[in-house]
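Step one of this worksheet: look at the structure below.
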Amino acid sequence: MIICKNNEELNAVTDNTVIGAENINMQNSEIRFAGSGNILFAEENVNLSGTKLFFNGSNSVVYLSSSGNAYRLNVSINNACSLFIGNNNFMNGTLNITISEHTNVFLGDDNLLAFGIWVRTADPHLIYSAETKKRINPSKSIFIGDHVWIGQDVHVLKGTQVASGSILGAGTVCPGKKTGSNQAWGGNPAKKISEGIFWERTCCHAFTEEDTKNYDTKKSDEHIYGYSKDEYIPFDDIDNKLNSLKSAREKLECLTKLSNSKTKNRFVPNDGNQKAEKRGLFHR
């Protein structure tokens with residue numbers, strides 16, 4: 001096992017690859033490589049604060065995008081898995097992620113993540129049908145779009161897909177749900193609470209009466225998303241593409257292509273029609 005706690009140790013990694021080690025600022029953080037053929041890719045300006053990133057298997061890739069906010073992560077990634085985290089996500093506490101059984105976790109840009117969030121792509125123990133003896137709980141990838149607010153103590157479980165502009169309320173348990181854009185979900189299991197909403201980062205804790213009055217109406221439509229066949233990138237297409245690739249290097253190339261596709265409505269599904277159109281990034 002290779003344990004890295006600074007840039008010098010990252011640059012000395014063998015049997016695995018660190019790209020952009022010079023871009024990583026490690027504060028009270030640790031990166032471990034237990035397998036081989038893994039890739040850690042860091043864009044410019046990646047600040048790790050109290051982060052634990054453990055590659056427990058081989059041939060996996062972690063892509064950390066440039067951010068003005070610190071990464072606060074507790075990640076366990078296993079064999080042939082992928083983790084992508086986009087630009088300028090705000091982690092108010094440690095974001096806990098466990099990626100298992102050749103699945104993927106994708107987190108877009110500009111998301112707001114509260115305390116105590118868990119993201120898990122596996123159960124992880126095996127469950128079988130007593131009648132057929134077939135396994136009934138396969139692991140599944142998780143996808144979260146852009147500008148999503150995930151509240152305190154939320155559990156995002158295997159198969160979940162959250163479209164851009166949406167909210168998962170505090171304490172939500174989201175087992176394999178697929179949300180539309182600009183929706184609020186909550187409860188255990190998660191249910192849609194409202195739709196046609198949007199949110200912004202301004203915090204109201206210290207508001208005066210005048211502040212409350214001034215923020216009563218928001219004129220901008222910056223965070224209102226709409227389906228566009230020329231912009232839309234289906235989460236299922238991303239998952240299928242990543243799973244078709246054998247090496248971490250191929251997966252990195254795919255994630256880099258996704259990172260460069262910054263259209264506003266890239267993760268906004270057209271309910272019921274997206275499978276038929278096949279106009280996403282990997283079908284052009």
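Everything numeric here is computed off the predicted structure, so don't read it as measured data.
- In this structure, OG in Ser49 is found 11.5 Å from CG in Asn69, a value given to the nearest 0.5 Å.
- Look at Asp146 and Lys262 and you find no salt bridge, because none of the NZ, NE, NH1 or NH2 atoms lies under 4.0 Å from a carboxylate O.
- Val61 and Leu252 get closest at one heavy-atom pair: CG2-CB, 4.1 Å.
- Cluster note: Ile3 groups with Met1 through ILVMFWY side-chain heavy atoms spaced under 4.5 Å, whether in direct contact or through intervening members.
- The pair Arg32-Glu30 counts as a salt bridge, with a side-chain nitrogen and a carboxylate oxygen less than 4.0 angstrom apart.
- Phe143 and Trp185 end up in different hydrophobic clusters when Ile, Leu, Val, Met, Phe, Trp and Tyr side chains are linked at under 4.5 Å.
- Under the 4.5 Å side-chain criterion, counting only non-hydrogen atoms from C-beta, Tyr232 is not in contact with Asn265.
- A donor and an acceptor atom, one from each side chain of Asn243 and Asn104, are located under 3.5 Å apart.
- In terms of the side chain to side chain contact (heavy atoms under 4.5 Å, CB included) criterion, Asp153 has no residue partners (sequence neighbours excluded).
- Distance CG/Leu113 to CZ/Phe90: 9.5 Å, rounded to 0.5 Å.
- A donor-acceptor contact under 3.5 angstrom links the side chains of Asn89 and Asn111, judged on distance only.
- With rounding to the nearest 0.5 Å, the separation of OG in Ser29 from CZ in Arg72 is 10.0 Å.
- Looking at Asn74 and Thr94, their side chains never bring a donor and an acceptor atom within 3.5 Å of each other.
- For Ser139, the side chain to side chain contact (heavy atoms under 4.5 Å, CB included) partners at least two apart in sequence or on another chain are Glu101, Thr103, Ala122, Arg135.
- The side chain to side chain donor-acceptor pair (under 3.5 Å) analysis of residues 160-173, with sequence neighbours excluded, yields the pairs Gln161-Asp236.
- A tilted orientation is assigned to the rings of Trp199 and Trp149, their planes being inclined by 30° to 60°.
- Under the ring pair (Phe, Tyr, Trp, His ring centres under 6.0 Å) criterion, Tyr128 pairs with no residue, sequence neighbours left out.
- Rounding to the nearest 0.5 angstrom, the gap separating the CG atom in Leu48 from the CG atom in Leu64 is 6.5 Å.
- Using a 3.5 Å distance cut-off with no hydrogens or angles, the side chains of Thr202 and Glu200 do pair a donor with an acceptor.
- A distance of 6.0 Å separates CG in Leu40 from CG in Leu53, rounded to the nearest 0.5 Å.
- Nearest heavy atoms, Asn38 versus Gly35: ND2-C, 3.8 Å.
- Atom CG of Asn214 has more than 12 neighbouring heavy atoms from other residues, nucleotides or ligands inside a 6.0 Å radius.
- In this structure, Lys264 places its NZ atom where more than 12 heavy-atom neighbours from other residues, nucleotides or ligands lie under 6.0 Å away.
- Ser141 and Asp239 are linked by a side-chain donor-acceptor pair at a separation below 3.5 angstrom, with hydrogens and angles left out of the test.
- Annotation: salt bridge (Lys or Arg N to Asp or Glu O under 4.0 Å) contacts involving residues 41-62, sequence neighbours excluded, are absent.
- Following chains of ILVMFWY side-chain contacts shorter than 4.5 Å, one can reach Val75 starting from Met26, so the two form part of one hydrophobic cluster.
- The aromatic rings of Phe235 and Phe106 are tilted relative to each other, their planes meeting at an angle between 30° and 60°.
- Here the side chains of Phe55 and Val62 are in contact, with some heavy-atom distance below 4.5 Å.
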